[in-house]
Amino acid sequence: RSSDLPDFQRAKDFISNMMQTFWKKCLECEFAVVQFGTEIRTEFDLRESQDSRMALQKVQDIKQLGNVTKTASAIQHVLDAIFNEAYGSKTNANKIIIVLTDGD
């Protein structure tokens with residue numbers, strides 16, 4: 001089971017609003033978005049969030065994968081491929097993962 005389209009849009013709006021709220025107080029905050037369903041897909045990495053307008057548009061452009069929820073694998077992907085200096089992660093930066101899931 002996956003979230004229906006209105007719920008998925010609410011999730012994207014939540015992500016956009018959270019990013020905008022952080023950027024009001026933290027000009028150096030960076031974000032990445034990883035979607036997990038039938039596959040695990042990095043929608044954008046930390047380097048790409050430096051252009052806030054582009055990053056917010058990328059959030060709204062995300063198309064839902066659906067079908068399967070691979071939460072553990074997605075978290076491992078974030079640890080390996082997002083929180084990695086090669087993809088823009090800073091060694092001394094605090095790192096936060098927020099997981100939105102349909103509960104399955």
Side-chain angles (χ1 to χ4, degrees):
R1 174 184 81 117
S2 293
S3 300
D4 60 16
L5 287 177
D7 282 344
F8 192 71
Q9 184 60 50
R10 275 193 291 278
K12 293 192 302 185
D13 292 343
F14 170 79
I15 293 166
S16 293
N17 291 334
M18 182 193 62
M19 290 168 66
Q20 291 177 64
T21 299
F22 270 86
W23 278 327
K24 286 178 185 172
K25 298 188 185 268
C26 175
L27 297 176
E28 296 179 3
C29 286
E30 297 172 343
F31 299 90
V33 173
V34 173
Q35 183 177 182
F36 50 101
T38 52
E39 63 182 282
I40 297 169
R41 180 171 49 207
T42 300
E43 300 291 348
F44 60 90
D45 65 26
L46 297 168
R47 298 170 296 183
E48 294 172 283
S49 75
Q50 293 172 358
D51 180 337
S52 59
R53 290 169 55 113
M54 183 185 73
L56 292 169
Q57 186 59 54
K58 282 188 170 203
V59 170
Q60 292 305 315
D61 291 344
I62 295 171
K63 303 293 185 230
Q64 186 174 15
L65 292 173
N67 293 333
V68 181
T69 303
K70 299 179 179 180
T71 307
S73 297
I75 291 171
Q76 190 62 53
H77 172 82
V78 170
L79 295 174
D80 295 341
I82 300 298
F83 292 165
N84 181 317
E85 288 183 50
Y87 296 99
S89 185
K90 296 179 178 82
T91 304
N92 296 325
N94 292 325
K95 294 161 182 71
I96 299 169
I97 298 175
I98 298 173
V99 178
L100 303 180
T101 178
D102 61 9
D104 286 344

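Quick note: numbers below take in every heavy atom, side chains included, and nothing from hydrogens, waters or symmetry partners.
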Within one Ile-Leu-Val-Met-Phe-Trp-Tyr cluster: Trp23 and Ile15, side-chain cutoff 4.5 Å: yes
Atom pair OH/CG of Tyr87 and Asp80 - distance to nearest 0.5 Å: 10.0 Å
Within one Ile-Leu-Val-Met-Phe-Trp-Tyr cluster: Val99 and Ile40, side-chain cutoff 4.5 Å: yes
Common cluster, Ile82/Ile75, ILVMFWY with side-chain heavy-atom separation under 4.5 Å: yes
Worked check of side-chain contact (heavy atoms from CB on, under 4.5 Å) between Lys95 and Val78: CA-CA 10 Å; Lys95 294 161 182 71; Val78 170; over 6 Å; no
Gln35 side-chain N/O to Leu65 backbone N/O, donor-acceptor pair under 3.5 Å: yes
Atom pair CE (Met19) and NZ (Lys24), whose distance is rounded to the nearest 0.5 Å: 13.5 Å
Nearest heavy atoms of Ser49 and Ala55, plus distance in Å: CA-CB, 3.9 Å
Closest contact, heavy atoms only, Met18 versus Phe31: CE-CE2, 4.3 Å
Heavy-atom closest contact (Gln20 atom, Leu56 atom, distance): CG-CD1, 3.8 Å
Cluster check Phe8, Ile98: I/L/V/M/F/W/Y, side chain < 4.5 angstrom: yes
Sidechain-backbone polar pair: Lys58 side chain, Phe44 backbone, donor-acceptor under 3.5 Å: no
Value rounded to 0.5 Å, distance of CZ in Phe22 from SG in Cys29: 6.5 Å
Any Arg10 side-chain heavy atom under 4.5 Å of Pro6 side chain: yes
Euclidean distance, Leu100 CG relative to Lys12 NZ, rounded to 0.5 Å: 12.5 Å
Test side-chain contact (heavy atoms from CB on, under 4.5 Å) applied to Thr91 and Glu85, step by step: CA-CA 7 Å; Thr91 304; Glu85 288 183 50; 2.7 Å; yes
Backbone of Glu48 reached by a side-chain donor or acceptor of Asp45 within 3.5 Å: yes
Phe83, CZ atom: more than 12 neighbouring heavy atoms under 6.0 Å: yes
Verify same cluster id: Leu46, Phe36 (apolar side-chain graph, 4.5 Å): yes
Salt bridge present between Lys90 and Glu30 (N-O < 4.0 angstrom): yes
